[in-house]
Structure formats: structure tokens, C-alpha cells
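As C-alpha cells, the structure follows; a few thoughts come after it.
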There are 2 protein chains.
Amino acid sequence: MSGKQRHPEIAFRKHDHRRCQRQLLSAATHLCAERKLRLTLRRRQVLEILLASHQPMGAYDILAELNRSDDKERVAPPIVYRALEFLLGEGLIHRIESRNAFISCIHPGHHRGAQFLICRDCDRVAELESNDSGLLAEADSLGFAVDHSVVEITGVCAECQKHDR
Amino acid sequence: MSGKQRHPEIAFRKHDHRRCQRQLLSAATHLCAERKLRLTLRRRQVLEILLASHQPMGAYDILAELNRSDDKERVAPPIVYRALEFLLGEGLIHRIESRNAFISCIHPGHHRGAQFLICRDCDRVAELESNDSGLLAEADSLGFAVDHSVVEITGVCAECQKHDR
DNA sequence: GGACATAGTGTTATATTATAACGTATCGAT
DNA sequence: ATCGATACGTTATAATATAACACTATGTCC
Ligand SMILES: [Zn+2]
Ligand SMILES: [Zn+2]
Ligand SMILES: [Zn+2]
Ligand SMILES: [Zn+2]
């Protein structure tokens, strides 16, 4: 894994995405090797489709992409959902609940506590890593044992604010 | 609206829910009157179904409840979704994105910034009112104009922790 | 009161998202 | 090679949500 720090707003900025993509796929490969998990053809294909952009994609968009190739091979929904389940479980992708969509994680393996800023104009999504400590403390004070947290902030990104009226 | 302060963990505690229900329906009625909005039959029915408990319900659960009565009247999905849309818009209910479900708001009219603790054992949901200030500040520092925030924490509530193994 | 505009409802059909169930293939270990 | 476990392929269907359009109630102007 390279030492390059990935800034949260990466999805909102121009960057060398080819490189970004390569790094993330390589990180996923190493992570699976370390954990003795199989990054099989379908899992890798789905991950690569998501890594092609920082956009969230619906399961059926991914399916369409898988089936786009001229080859005769046609794949059905369960294939995609199973691959997504695996990738989610290993922290390689995230699910955007408010969009029924999936997005590649920019900090693969960091399971906990991602937060998302979702632009409703351009649909880009920034993945943050704040620590929510206030909220988690409140949950704790109610004796609530936290498993998983979903934080999705919808709004308009800086760039879209310039363009819009 | 009565002066009684509604504690966030209300859904996790025994309380006089009959009273709770009456207060919330009355608050909704007044709020609609003030805003010159019509709390029509369907809207009120859907709200009442949600107010019957502090549980989140799926749109089709609500539909089934509407159609449960012995009467011949059968209602179709769009009726429910339209009522839900209205109630969401006025801040009388919330949508739990991670469950595709809807729940009555315990602070009707307070549009902004609800957070939810969702017990995966008993499915009860506590509505908090933390202020997320850290996260919102971070969004702001990225020039992101926040519209709406979804915060849903899944875990196990205090009571279910006792019962579970 | 009647004519009109608007908002809400009823109904049918269909789109979109997700999973159940079950048989087959592949992998890794003995 | 055999075996158990994991992943894949396939069919069917469940669960969630919306499009489209006709009809009805409500309020407003005259
Ligand atoms: Zn990139
Ligand atoms: Zn944008
Ligand atoms: Zn109550
Ligand atoms: Zn519980």
C-alpha cells in the first residue's frame, strides 16, 4: 500500500484517477491475500467496475456493465449481489443507503465509520473519516452497543454551487 | 403542544403511549392548520398507523394495515406513498433509509438533523437530536452546502443486551 | 350559485431493487 | 482421487417504488 494520503474530497477534485484505481485494486488484492480470501473473477470484476469512477452505482448498473461486453456471457442479479456482499464485508466498498447504490471505498479495509457527502447535482460522493464522537458518546450513554453507522449528508458540492444559478 | 420534554430513548422505555400518541396527532393537526395544509383522510390514516407504535414500518406494512379493515375498500400503493411523501415533507415522519421504512417523528416539525439508534434485535428505534457539529463543520470547510442528513446507527439496545446470551 | 384552477385521490400498469432455492463447478486439503 | 466447503449459474419471485391518467373534492372569483 502506498503511503500517499488520500484526501476526503478526492471525488470532488481532478486527480490522476488511473493511478488511484491501480492503487486501490492492488490494495484490495493484498488485503484479500493477507486475509486468505479469494478475490475471484466476479468479485474482481464488480470491484473494477466500481473503481472505474468515484460515482455510486446501482446493482443493476453494475450488472449492465458486466453484461456490456460483446461476448455471449450474460450474468444474472445474484452474481452481482453476492460479489457486493463480499466486498462490503471486507470493507472494499460501501453501500449508500439513501441511494440504493454502491461505491468503492477510498480507504480499503477501514471498516468503521465512513461518512459521505453526496452532491445532488453531480452525484459525486466524498468519503470522509470524521469520528462522530459526540453521537457515539450519546449512544453509549444510553447503553446502546453500536455495530455500524450510516452517515449520508446530501447537498450541493462547491463546484456545483458555482454553476447553479 | 404540551410542555412535556420527550426524551430520546422514549422508544426504548415503557411510557404512557396512549397519551404520547394523542399528543403527537394533536401536534400534527395544529401544525397543518398553522401551515394551511390539509391533513386529509389518507394522510391522517397513514400518520395514525405510524403513531400506533414507535416501530419503523415498511410502506407495504402500512398498506396492509390500511386494508386490514373488514370494509370492502382496498387501497393501492400510490395512496400510501403520496401520504408518506406529504408527511415526510412536513417533518411529521422520518424515513429510515437503511431499512426502507418509515417512522413517526417524536418532535413534529423539527425538520433538521434527526439521528436514529436502531436495535437489530427488537427493531426499536430511538430518535436523537444531537447536532453533528463536527461533521457539518467539515462539510462546510469543503464548501459543501448541506441539505439533509441521514444518520442511522445500528446496534443492540440496552435491554436486548441483557437478554441476549 | 356556477365556472374555473388546483390539489388530492383512485386505478392500472410497470419499473426498480433484492433474494430464495437449488443444482453445478471449482478449490484446497487430505 | 476423494471430500468438504466455497463460489457460481440459473430460474423464479419477492419487496419496494413510481408513471400515467382519469376522476373528485376544495377553494376562489365573479
Ligand atoms: Zn480516483
Ligand atoms: Zn456537485
Ligand atoms: Zn410513545
Ligand atoms: Zn433492542
Side-chain angles (χ1 to χ4, degrees), chain A residues 28-29 32-50 55-67 69 71-90 92-103 123 150 152, chain B residues 28-29 32-50 55-67 69 71-90 92-103 123 150 152:
Chain A
T29 305
C32 287
E34 277 166 23
R35 297 183 185 170
K36 311 254 193 243
L37 297 170
R38 297 167 54 203
L39 190 57
T40 60
L41 174 64
R42 299 319 191 181
R43 292 168 178 178
R44 190 171 39 70
Q45 285 178 327
V46 168
L47 179 59
E48 284 177 342
I49 288 168
L50 284 173
Q55 302 283 128
M57 294 180 76
Y60 281 76
D61 298 333
I62 295 169
L63 182 63
E65 197 59 25
L66 268 179
N67 284 336
S69 57
D71 307 347
K72 59 203 164 290
E73 83 164 359
R74 298 273 122 182
V75 137
I79 301 288
V80 172
Y81 281 101
R82 284 173 192 148
L84 290 170
E85 186 179 24
F86 172 84
L87 298 168
L88 285 169
E90 300 308 321
L92 296 171
I93 65 173
H94 296 285
R95 183 180 157 87
I96 307 290
E97 297 289 351
S98 57
R99 299 267 179 131
N100 296 327
F102 303 86
I103 191 169
D123 290 321
V150 170
E152 301 173 9
Chain B
T29 305
C32 287
E34 275 165 24
R35 296 182 184 170
K36 312 254 193 240
L37 297 170
R38 296 168 55 203
L39 189 57
T40 61
L41 175 65
R42 298 320 192 181
R43 292 167 178 178
R44 190 170 41 70
Q45 286 178 326
V46 169
L47 180 57
E48 284 176 341
I49 288 168
L50 285 172
Q55 304 281 129
M57 294 180 77
Y60 280 75
D61 296 333
I62 295 169
L63 182 64
E65 196 61 26
L66 267 179
N67 285 337
S69 56
D71 306 348
K72 61 207 164 286
E73 82 164 0
R74 297 272 124 182
V75 137
I79 301 287
V80 171
Y81 281 100
R82 284 172 192 150
L84 290 170
E85 185 180 25
F86 171 83
L87 297 168
L88 284 169
E90 299 309 321
L92 296 171
I93 65 174
H94 296 286
R95 185 180 155 87
I96 306 290
E97 298 289 351
S98 57
R99 298 267 178 131
N100 297 327
F102 303 86
I103 190 169
D123 291 319
V150 170
E152 301 174 8

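- The distance from the CG atom of A:N100 to the CG atom of B:N100 is 5.5 Å, given to the nearest 0.5 Å.
- Taking the screw axis at each terminus of the helix from C:dG1-D:dC30 to C:dT30-D:dA1 from five consecutive base pairs, the angle between the two is 30° to within rounding of 10 degrees.
- Using a 4.5 Å heavy-atom threshold, the side chains of A:I103 and A:R95 count as separate.
- Among residue pairs with one or both ends in residues 55-67 of chain B, those qualifying as salt bridge (Lys or Arg N to Asp or Glu O under 4.0 Å) are B:E65-B:R68; sequence neighbours excluded.
- Residues passing the side chain to side chain contact (heavy atoms under 4.5 Å, CB included) test with B:D123 are B:Q55, B:R99, sequence neighbours excluded.
- Closest to the A:P78 side chain, of the nucleotides C:dT19, D:dA17, D:dA19, is C:dT19.
- By the 4.5 Å heavy-atom criterion applied to side chains, A:L84 and A:I62 are counted as neighbours.
- Across the interface with DNA chain D, nearest-nucleotide mapping of A:R43 and B:A59 shows A:R43 to be the residue nearer the 5′ end.
- The side chain of B:R74 places no N or O atom within less than 4.0 Å of a non-bridging phosphate oxygen (OP1 or OP2) of C:dG10.
- For the side chain to side chain contact (heavy atoms under 4.5 Å, CB included) test, residues two or more places apart in sequence or in another chain that qualify with A:Q45 are A:L41, A:R42, A:L66, A:E73.
- The aromatic ring of A:Y60 does not sit over the base of C:dT16, since the test of centres under 5.5 Å and planes under 30° is not met.
- Considering only side-chain atoms of A:P77, the nucleotide from C:dG10, C:dT19, D:dC8 that sits closest is C:dT19.
- When the salt bridge (charged side-chain N to carboxylate O under 4.0 Å, His left out) test is applied to B:E48, the partners found at least two apart in sequence or on another chain are B:R44.
- Phosphate proximity of C:dA7 to B:T40: absent, as no side-chain N or O sits under 4.0 Å from OP1 or OP2.
- Rounding to whole angstrom units, CG of residue A:L66 and P of D:dG9 are separated by 10 Å.
- A:E90 has its side chain within reach of A:L37: a pair of non-hydrogen atoms, C-beta onward, lies under 4.5 Å apart.
- Atom-to-atom, CG of A:L63 to C1' of C:dT17 comes out at 11 Å; the value is rounded to the nearest Å.
- Judged as a side chain to side chain donor-acceptor pair (under 3.5 Å), not a single pair has a partner in residues 76-86 of chain A (not counting sequence neighbours).
- Only B:R95, B:N100, listed by number, bring a heavy atom of residues 95-103 of chain B to less than 4.0 angstrom from any atom of DNA chain D.
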Point to revise | Sugar-phosphate or base contact per nucleotide [nucleotides 22-30 of chain C; S, B, -; heavy atom under 4.0 Å] | key: B----S---
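- D:dA7 atom P lies 12 Å from atom CG of A:L87, rounded to whole Å.
- Residues meeting the salt bridge (charged side-chain N to carboxylate O under 4.0 Å, His left out) test with B:E152, sequence neighbours left out: none.
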